[in-house]
Protein chains: 2
Amino acid sequence: MLELSSIQKKYILHWGEMGTKWGISRTVAQIHALLYIWPEPVNAEEITVALSIARSNVSMSIKELQGWGLVKVTHVMGNRKDHFETLTDVWEMFRIVMEERKRREVDPTFAMLEECLAEMKKSRDSDKYTKERLLEMQDFFTTANKCYEQTRGLSTSSFRKLAGMGGWVLKALKLG
Amino acid sequence: MLELSSIQKKYILHWGEMGTKWGISRTVAQIHALLYIWPEPVNAEEITVALSIARSNVSMSIKELQGWGLVKVTHVMGNRKDHFETLTDVWEMFRIVMEERKRREVDPTFAMLEECLAEMKKSRDSDKYTKERLLEMQDFFTTANKCYEQTRGLSTSSFRKLAGMGGWVLKALKLG
DNA sequence: CTTATATTTCAGAATATTCTGAAATTACAG
DNA sequence: CTGTAATTTCAGAATATTCTGAAATATAAG
């Protein structure tokens, strides 16, 4: 009934720690790690036991993961319980998280900068320096976003190719 | 004595919120925002008043920011107080944070994966599936790191150029 | 419909994090 | 030295987050 090896535990615990450093709760990260390394879909009861957490915590955390688009429900023949699984393609996972963080965090920041700059214009604010800084921040977000747009669509294999080119592309473009 | 406009407050508060979503304490992020938009170096006392926080909190938070390499001390002529300032180049800031997060979070994860895989080999672990997943995760980190290595050195203006190319580079490389 | 199983919700407990205030330490002017 | 200003430290308070357990709700088999 889902017995974790010490190696699997190690991986899951580490992933939990990582999560906390990125604003994701330990449990949510651990569940994701468990689903990632387990060969079959796992049900809530099994997660409860494997990670020694409350049933309700599993429920909430799974919802959170579903909110990120990282976990989906499946069903096992002859079993009424919901079973959960996550993606096996790490790049795809990464892409999803990027997209979601952009939506949740970058876009609102963009809006805030826009608002601040608009208000500054309206009030003929004489605070040149702050305006300069806000513009530079806006420029950063704009440029970073463009870079992101250009690569967001790349497949896993494309990334691997790009990584394998050893930087000559960028050198050729004289972007050193 | 460092009076914040409502726009400046808005920016600082937003930045504080953002911080919490990325595992950085509200205060630390707010102080960073304040230093970023303020035209002159700011001393601890001023931060205390401007953000309505305890003097000791300023001290600790500044230390944290210094730990990230984002804030440095300067001195104002005829004033014994330490004054603080941060970078004005957002890209440089971003680069520093990336580098530091890599060191603090990616490298340890790399090491953990290495350890897990080594242990698996030693114990002739028959858990093929988990091994596969760990290898794939390792591959992701390796490739992502290579991509990062290739761009970490790019200057701010190079990034802007790259962003301006509208993706034709990647298309030309048939990396769609 | 009844009953058993499964899931969700949510108030409050447990825990973790952040912040404060007082005391200790450091730095330096006189 | 001595005294004062500046900074740091850190125990515990305040706060925020996460987690639990019990109750409510949903689902479906009989």
Side-chain angles (χ1 to χ4, degrees), chain A residues 1-2 12-13 15-35 41-68 71-85 104-105, chain B residues 1-2 12-13 15-35 41-68 71-85 104-105:
Chain A
M1 198 243 169
L2 212 166
I12 291 168
L13 290 175
W15 211 246
E17 299 301 327
M18 287 298 289
T20 61
K21 298 197 180 179
W22 288 81
I24 291 155
S25 101
R26 195 179 306 275
T27 303
V28 170
Q30 284 183 354
I31 292 177
H32 181 256
L34 170 59
L35 297 181
V42 181
N43 68 45
E45 176 63 15
E46 291 169 323
I47 297 173
T48 294
V49 175
L51 303 183
S52 311
I53 55 179
R55 178 64 184 78
S56 53
N57 195 4
V58 174
S59 194
M60 298 296 259
S61 300
I62 286 282
K63 269 203 147 183
E64 170 86 12
L65 284 165
Q66 285 174 320
W68 280 87
V71 160
K72 62 173 191 174
V73 184
T74 55
H75 285 92
V76 170
M77 203 48 103
N79 193 328
R80 269 176 59 193
K81 287 189 169 108
D82 285 352
H83 285 63
F84 306 98
E85 59 186 0
R104 298 184 191 192
E105 290 142 29
Chain B
M1 200 240 169
L2 212 166
I12 290 169
L13 291 174
W15 211 245
E17 299 302 326
M18 286 299 287
T20 62
K21 298 197 180 179
W22 287 82
I24 289 156
S25 102
R26 194 178 307 273
T27 304
V28 169
Q30 285 183 353
I31 292 178
H32 181 256
L34 170 59
L35 297 182
V42 181
N43 68 46
E45 177 62 16
E46 291 170 323
I47 298 174
T48 294
V49 175
L51 303 182
S52 310
I53 56 179
R55 179 63 185 77
S56 54
N57 195 2
V58 174
S59 192
M60 299 295 259
S61 300
I62 287 282
K63 269 201 147 182
E64 171 87 11
L65 285 165
Q66 285 175 319
W68 280 89
V71 161
K72 63 173 189 172
V73 185
T74 55
H75 285 91
V76 170
M77 203 47 104
N79 193 328
R80 269 174 61 190
K81 287 187 169 112
D82 285 350
H83 285 63
F84 305 97
E85 58 185 1
R104 298 184 191 194
E105 290 141 28

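Below, each value reflects all heavy atoms present in this structure, side chains not excepted, and no hydrogens, waters or symmetry copies. Note that the coordinates shown come from a computational prediction; the quantities given were computed from them, not determined experimentally. In what follows, chains are A, B, ... by sequence order, proteins preceding strands, each numbered from 1.
Distance NE2/A:His32 to OG1/A:Thr27: 14.5 Å, rounded to 0.5 Å. For the atom pair A:Phe84 CZ and A:Ile62 CD1, the distance stands at 4.5 Å (nearest 0.5 Å). Note that the OG atom of A:Ser25 and the CD atom of A:Gln30 stand 8.5 Å from one another [nearest 0.5 Å].
Near DNA chain D, meaning a heavy atom under 4.0 Å away, the residues from residues 24-35 of chain A are A:Ser25, A:Thr27.
Following rounding to the nearest Å, A:Lys63 (NZ) and D:dA26 (C1') show an atom-to-atom distance of 12 Å. One atom, NZ of B:Lys81, and another, C1' of D:dA5, lie 8 Å apart when rounded to the nearest Å. Between the CD atom of B:Glu46 and the P atom of D:dT7 there is a distance of 11 Å, rounded to whole Å.
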Quick test: give all pairs of protein nitrogen or oxygen and nucleotides 27-30 of chain D nitrogen or oxygen below 3.5 Å, distance rounded to 0.1 Å.
residue : atom : partner : partner atom : Å
D:dT27  : O2   : A:Arg80 : NH2          : 2.9

Between B:Leu2 and B:Leu34, does the side-chain contact (heavy atoms from CB on, under 4.5 Å) criterion hold? Intermediate values first, please. CA-CA 10 Å; B:Leu2 212 166; B:Leu34 170 59; 4.1 Å; yes
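Annotation: salt bridge (charged side-chain N to carboxylate O under 4.0 Å, His left out) contacts involving residues 71-80 of chain A, sequence neighbours excluded, are absent.
When all heavy atoms of B:Glu85 and B:Pro41 are compared, the closest pair comes out as OE1-CG, 3.7 Å.
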Name the atoms and distances for all side-chain donor-acceptor pairs under 3.5 Å in residues 15-23 of chain A, with sequence neighbours left out.
residue : atom : partner  : partner atom : Å
A:Glu17 : OE1  : A:Arg26  : NH1          : 3.2
A:Glu17 : OE2  : A:Arg26  : NH1          : 2.8
A:Thr20 : OG1  : A:Glu17  : O            : 2.5
A:Trp22 : NE1  : B:Glu105 : OE1          : 2.9

For residues 44-58 of chain B, which side-chain donor-acceptor pairs fall under 3.5 Å, sequence neighbours excluded?
residue : atom : partner : partner atom : Å
B:Glu46 : OE1  : B:Asn43 : N            : 2.9
B:Thr48 : OG1  : B:Ala44 : O            : 3.0
B:Asn57 : OD1  : B:Ser61 : OG           : 3.3

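Residues meeting the side chain to side chain contact (heavy atoms under 4.5 Å, CB included) test with A:Ile24, sequence neighbours left out: A:Val28, A:Ala29.
The nucleotide range of DNA chain C contacted by chain A, defined by atoms under 4.0 angstrom from heavy atoms of the protein and reported 5' to 3', is C:dT5 to C:dC10.
Within 4.0 Å of B:Asn43, counting heavy atoms only, lies no atom of the nucleic acid at all.
Between the side chain of B:His75 and the backbone N or O of B:Val73 there is no donor-acceptor pair closer than 3.5 Å.
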